[in-house]
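Counting starts at 1 for both ligands and their atoms, in listed order.
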Amino acid sequence: MTGAARALVSLAAWRQNLAVARRAARGARVMAAIKADGYGHGLIAAARALSGADAFAVARMDEAVALRNAGFAHRIVLLEGVFSAEQMQAAQSRRLDLVIHDPVQLGLLENGDPRRPVTVWIKVDSGMHRLGFLPEEVPDVIERLQGMRAVAESPALLTHLANADARDEAVTAAQIAAFDRAAQGISGPKSIANSAGLLWYPDCLADWVRPGIMLYGVSPFVGGRAGEEGLQPVMTLTSELIAVKHLRAGDPVGYGGTWCLPDDSRVGVVAIGYGDGYPRHAPSGTPVLVNGRRVPLVGRVSMDMLSVDLGSQGEEQPGDPVTLWGDGLAVEEVAEQAGTIAYELLCCVTSRVPRLYV
Ligand SMILES: *Cc1c(COP(=O)(O)O)cnc(C)c1O
């Protein structure tokens, strides 16, 4: 069978992971990050499965619009905010919460429609130096917002952690301290924690937590595994063998002949490649499950195929099931082999791979 690549997406795992997040949040409200098409799992499916969350966070306007069009009435926080008067209007008419991180956005709020005030989240740059106002700029921002009729009262405050995934306590503690200083005397709700913060730093739970990757059943920690946190993988990327070849010791396999068989063996060809989002940089030796058995990837990953060494003995044949990651094979392990992070692998599964919700 061709076109065998499938991403099986487990709704039960999603709900279980949300329950793990909820427990760790200890009463803080949970904003589920479902940006980038629900980390590659499907935006609407993610919103449906995670509809028990108190809010959704997305990066861009089109994602927020898609959620409203699908009927979700949740709070939706636009993490990058708006960049034009048209977007401001779209945000107001759809009742989106807006992050502001730049003075330009203050101007857009100033000219907003006073009949539809929006909730504003001030992004504080507590040390990551990506988006946000510096802690010392926050009082001025608040003062400007106070006069604006398109802004609902009591802006919320959020910041983002740069090193929580590495369990880098010194950097994270300094970020939390910088945020707390900026937040002093401010009455609105506060939010610091991504998944790693939520699971590792009880100091940063605040009023809202913002888990992303853990909801998809992936450990947020460098070198970590989902099971250590009680998380279950949501996506299992599967395909099938489409050929099994008997080759001789010394035979090269794949483009460039970068890998040669050390012994006579059987090489299986799997119907999945970088055109499906499997990382081309995964080196020989990266684990793959064939009929549930771990075998090594060999040679370069092609656009539509990759090869595995099945060993000299065995009964595998075309049509046998293959798992690239997920149930039985941690996406974290494949990501480490490929020199990247699980976030990227999940987001990069291409649109030609059907998502099957089970
Ligand atoms: C993506 C994102 C999150 C979620 O991060 P994870 O590491 O996936 O838990 C939280 N906050 C902001 C601002 C984000 O952009």
N/O of [X] under 3.5 Å from N/O of ligand 1, yes or no?
| X | value |
| --- | --- |
| Arg130 | no |
| Gly212 | yes |
| Lys123 | no |
| Ala196 | no |

Quiz item: Charged N to carboxylate O below 4.0 Å: is that the case for Glu316 and Arg266?
Solution: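 Salt bridge between Glu316 and Arg266, a charged N being under 4.0 Å from a carboxylate O: yes.
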Protein contact to [atom] [nearest heavy atom, distance to 0.1 Å]:
| atom | result |
| --- | --- |
| atom 9 (O) of ligand 1 | Ser195 OG, 2.5 Å |
| atom 11 (N) of ligand 1 | Arg210 NE, 2.9 Å |
| atom 7 (O) of ligand 1 | Tyr343 OH, 2.6 Å |
| atom 12 (C) of ligand 1 | His160 CE1, 3.4 Å |

Atom indices of ligand 1 within 4.0 angstrom of [X] heavy atoms, with elements:
| X | answer |
| --- | --- |
| Tyr39 | 1 (C), 4 (C), 5 (O), 6 (P), 8 (O) |
| Ile213 | 6 (P), 8 (O), 9 (O) |
| Leu79 | 13 (C), 14 (C), 15 (O) |
| Lys35 | 1 (C), 2 (C), 3 (C), 14 (C), 15 (O) |

Self-check item: Identified side chain to side chain contact (heavy atoms under 4.5 Å, CB included) counterpart of Pro155 within the set Leu145, Val138, Ile186
Solution: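 Exactly one pass, corresponding to Leu145.
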Practice problem: Quickly, which of Val30, Asp54, Ile192 forms a side chain to side chain contact (heavy atoms under 4.5 Å, CB included) with Trp208? Name it, please. | Solution: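 Considering Val30, Asp54, Ile192, a side chain to side chain contact (heavy atoms under 4.5 Å, CB included) with Trp208 is found only for Asp54.
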Quiz item: According to the interplanar angle, ranging from 0 to 90°, do the rings of Trp325 and Tyr278 count as parallel (below 30°), tilted (30 to 60°) or perpendicular (above 60°)?
Solution: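 Judged by the thresholds at 30° and 60°, the geometry between Trp325 and Tyr278 is parallel.
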Exercise. Evaluate the ring planes of Tyr216 and Tyr39, with Trp represented by its six-membered ring, and classify them as parallel (under 30°), tilted (30 to 60°) or perpendicular (over 60°).
Key: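 Parallel.
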Quiz item: For Arg210 and His160, does a side-chain donor sit closer than 3.5 Å to a side-chain acceptor?
Solution: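 There is such a pair (donor and acceptor under 3.5 Å, judged by atom type) between the side chains of Arg210 and His160.
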Quiz item: Side-chain donor-acceptor pair under 3.5 Å between Asp276 and Thr350, yes or no?
Solution: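 Result is no, nothing qualifies.
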Exercise. Compute both the distance and the angle, then confirm whether Arg75 meets the cation-pi test with Phe56: under 6.0 Å from the six-membered ring centre, within 45 degrees of the axis.
Key: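 Because its charged atom misses either the 6.0 Å distance or the 45° angle limit, Arg75 does not stack over Phe56.
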